[in-house]
Amino acid sequence: MLEEKLRALENQYAELEARLAAPETYADPARVAQLNREQRELEPVVTAYRAYERRKRDLADAEALLSDPDMKELAQEEYTEAKADVACLEEEIRVLLLPRDPNDGKNVIVEIRAGVGGEEAALFANSLYRMYAMYAEARRWNVEVTSLSDTELGGIKEICFTIDGEGAYSRLKFESGVHRVQRVPETESGGRIHTSTVTVAVLPEVDEVDFALNPADIEMQVFRASGAGGQHVNKTSSAVRLIHRPTGTVVECQQERSQFQNRDKAMQLLRSRLYEEKVREQEEALTAERRSQVGTGMRNERIRTYNFPQGRVTDHRIGLTLYKIDAIMNGDLDEVIDALVTADQAERMKRGEGGE
């Protein structure tokens with residue numbers, strides 16, 4: 001039941017408060033940071049739940065007074081308000097209980113590439129970079145360009161930059177896709193409107209891979225070393241072979257006289273190889289994700305259109321049109337992003353992700 005789940009979360013929140021207040025906690029800064037992070041994640045839903053319980057009590061009190069002739073008018077007003085508040089808070093809680101994207105708190109890597117439209121597409125790519133940079137600045141996020149390929153006329157063929165800030169991915173993840181611009185280029189003497197496209201990919205910043213080896217996954221074999229090393233090396237089983245069962249990776253070490261030394265070196269080699277493989281898989285997954293986000297850059301794959309002659313911006317995924325193109329191009333993206341977040345939440349609620 002929903003209320004049982006909420007009571008459990010409130011108890012968890014109270015337990016975190018108690019742990020943070022314990023004197024022994026202060027001796028471990030890493031633990032304090034972790035507990036604070038867990039508490040911040042729970043705080044919105046616990047605050048909403050407490051307000052929900054408060055208004056439910058108000059609703060019950062008002063309902064009890066409805067039978068009192070002297071208090072009926074005031075009680076009816078309070079009853080109506082409390083009932084509406086309870087319904088709103090219940091909806092808010094269901095949204096807060098939706099499964100959280102594990103990447104939402106991460107920094108982002110943004111890649112912008114000029115698509116169809118030649119130099120005009122490159123110029124608009126520069127405009128989009130400026131838009132995101134201004135949005136980040138307004139939120140006090142840090143922007144750092146990691147690679148840039150520009151044009152002689154001030155356009156951008158391709159740019160990759162990071163945005164570091166709390167919740168950057170949660171706000172910008174819906175920007176991935178093809179952005180279409182309709183405007184009269186500065187180089188167009190006849191005043192004709194050109195249509196160009198730019199692709200945007202927003203990826204969560206890759207965490208450093210810390211590959212922990214499970215001893216149960218490793219089979220160790222010992223054998224006699226071969227080659228140089230003298231009689232001792234050849235007659236004792238000092239060489240070590242490690243087999244990582246889940247991946248089939250095999251490493252050997254026979255350079256040292258001691259079996260323990262060879263094992264340590266083999267473990268180090270195995271960890272390095274598995275680390276390298278994990279990083280490669282991660283990079284391949286990100287590359288595939290970026291390709292799925294940006295498509296081919298053709299005009300019919302658009303997620304959003306910026307029409308300068310009409311001063312409008314239309315997000316085709318949710319049917320939102322705003323006639324404030326100048327403000328949006330200057331980084332005022334919150335109205336668009338809020339609408340996309342709300343639509344995503346509604347779709348997830350429809351699919352029943354919030355649970356009971």
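Heads up: numbering here begins at 1 and tracks the sequence. Remember, predicted model here, so these are calculated numbers, not experimental data.
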Nearest-0.5 Å distance, [atom1] of residue [X] to [atom2] of residue [Y]:
{"X": "E175", "Y": "L128", "atom1": "CD", "atom2": "CG", "result": "8.5 Å"}
{"X": "D150", "Y": "I156", "atom1": "CG", "atom2": "CD1", "result": "7.0 Å"}
{"X": "K173", "Y": "I337", "atom1": "NZ", "atom2": "CD1", "result": "11.5 Å"}
{"X": "E10", "Y": "E15", "atom1": "CD", "atom2": "CD", "result": "13.0 Å"}
{"X": "L320", "Y": "E335", "atom1": "CG", "atom2": "CD", "result": "6.5 Å"}

- Message: Before you tell me yes or no, could you show the steps for K106 and D164 under salt bridge (Lys or Arg N to Asp or Glu O under 4.0 Å), namely the whole-Å CA-CA distance, both residues' side-chain angles and the distance that decides it to 0.1 Å?
- Response: CA-CA 8 Å; K106 292 185 178 180; D164 298 347; over 6 Å; no
For [X] and [Y], test the side chains for any donor-to-acceptor distance below 3.5 angstrom and give the result as yes or no.
{"X": "D85", "Y": "Y52", "result": "no"}
{"X": "Q221", "Y": "E219", "result": "yes"}
{"X": "R180", "Y": "N307", "result": "no"}
{"X": "E119", "Y": "T151", "result": "yes"}

- Query: Stepwise, does the side chain to side chain contact (heavy atoms under 4.5 Å, CB included) test hold for V178 with V198?
  - Reply: CA-CA 6 Å; V178 176; V198 170; over 6 Å; no
Keeping the roles fixed (side chain from [X], backbone from [Y]), state whether a donor-acceptor pair exists under 3.5 Å.
{"X": "T249", "Y": "H244", "result": "no"}
{"X": "N107", "Y": "P204", "result": "no"}
{"X": "T25", "Y": "A21", "result": "no"}
{"X": "R55", "Y": "K83", "result": "no"}
{"X": "R50", "Y": "V45", "result": "no"}
{"X": "R317", "Y": "F174", "result": "yes"}
{"X": "S196", "Y": "E120", "result": "no"}
{"X": "D344", "Y": "L340", "result": "no"}
{"X": "Y169", "Y": "V202", "result": "no"}

Where do [X] and [Y] come nearest, in terms of heavy atoms and distance?
{"X": "G167", "Y": "S170", "answer": "O-OG, 2.6 Å"}
{"X": "A343", "Y": "I318", "answer": "CB-CG2, 3.5 Å"}
{"X": "P309", "Y": "I193", "answer": "CG-CD1, 3.6 Å"}
{"X": "I328", "Y": "M131", "answer": "O-CG, 3.2 Å"}
{"X": "V116", "Y": "A121", "answer": "O-CB, 3.5 Å"}
{"X": "Q182", "Y": "T195", "answer": "CG-OG1, 3.6 Å"}

Any side-chain heavy-atom pair from [X] and [Y] closer than 4.5 angstrom?
{"X": "H316", "Y": "T305", "value": "yes"}
{"X": "R171", "Y": "V341", "value": "yes"}
{"X": "F308", "Y": "M329", "value": "yes"}
{"X": "V143", "Y": "T162", "value": "no"}
{"X": "L9", "Y": "L97", "value": "yes"}
{"X": "I93", "Y": "L6", "value": "yes"}
{"X": "K56", "Y": "L89", "value": "no"}

- Could you tell me how the ring of Y132 sits relative to the ring of H179: parallel (under 30°), tilted (30 to 60°) or perpendicular (over 60°)?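 Y132 and H179: perpendicular rings.
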Exceeds 12 heavy-atom contacts within 6.0 angstrom, atom [atom1] of [X]:
{"X": "E137", "atom1": "CD", "result": "no"}
{"X": "K324", "atom1": "NZ", "result": "yes"}
{"X": "E166", "atom1": "CD", "result": "no"}
{"X": "E24", "atom1": "CD", "result": "yes"}

- Using the side chain to side chain contact (heavy atoms under 4.5 Å, CB included) rule, take R241 and V250 through it: C-alpha gap first, then chi angles, then the decisive distance, then the call. CA-CA 7 Å; R241 178 185 298 116; V250 179; 3.8 Å; yes
- Task: Please test N142 against I163 for side chain to side chain contact (heavy atoms under 4.5 Å, CB included), starting from the C-alpha separation and ending with a verdict.
- Result: CA-CA 6 Å; N142 183 55; I163 297 180; over 6 Å; no
[X]-[Y] co-clustered via ILVMFWY side chain contacts under 4.5 Å:
{"X": "M71", "Y": "L59", "result": "no"}
{"X": "L65", "Y": "Y79", "result": "no"}
{"X": "Y26", "Y": "L16", "result": "no"}
{"X": "Y129", "Y": "M134", "result": "no"}
{"X": "M220", "Y": "I243", "result": "no"}

- Evaluate the criterion side chain to side chain contact (heavy atoms under 4.5 Å, CB included) for residue pair E111 and I159; output intermediate values, then yes/no. CA-CA 6 Å; E111 298 174 347; I159 187 170; over 6 Å; no
- Query: Can you name the side chain to side chain contact (heavy atoms under 4.5 Å, CB included) partners of T321, sequence neighbours left out?
  - Reply: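 So T321 forms a side chain to side chain contact (heavy atoms under 4.5 Å, CB included) with R312, T314, Y323.
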- Message: So, applying side-chain contact (heavy atoms from CB on, under 4.5 Å) with E78, which one of D61, L66, D58 is it?
- Response: D58
- Item | Option among I112, I109, V145 that satisfies the side-chain contact (heavy atoms from CB on, under 4.5 Å) test with C160 | I109
- In chain order, what residues pass the salt bridge (Lys or Arg N to Asp or Glu O under 4.0 Å) check against E43, with sequence neighbours excluded? none
- Query: Going through the checks in order, is the salt bridge (Lys or Arg N to Asp or Glu O under 4.0 Å) test met by E3 and K5?
  - Reply: CA-CA 5 Å; E3 294 209 19; K5 185 175 183 179; over 6 Å; no
- Given Y135 and D332, is the side-chain hydrogen bond (donor to acceptor under 3.5 Å, both in side chains) satisfied, shown in steps? CA-CA 6 Å; Y135 180 69; D332 186 6; over 6 Å; no
- Message: Run the side-chain hydrogen bond (donor to acceptor under 3.5 Å, both in side chains) test against T146 and tell me which residues pass, sequence neighbours left out.
- Response: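 Counting only residues at least two positions away or on another chain, T146 forms no side-chain hydrogen bond (donor to acceptor under 3.5 Å, both in side chains).
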- Aromatic Y306 / basic R183 pairing, under 6.0 angstrom, 45° off normal: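 Negative - R183 is either too far from the ring of Y306 or too far off its axis.
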- Task: Apply salt bridge (Lys or Arg N to Asp or Glu O under 4.0 Å) to the pair R304 and D315, showing each step before the final yes or no.
- Result: CA-CA 4 Å; R304 190 177 299 154; D315 195 290; 3.1 Å; yes
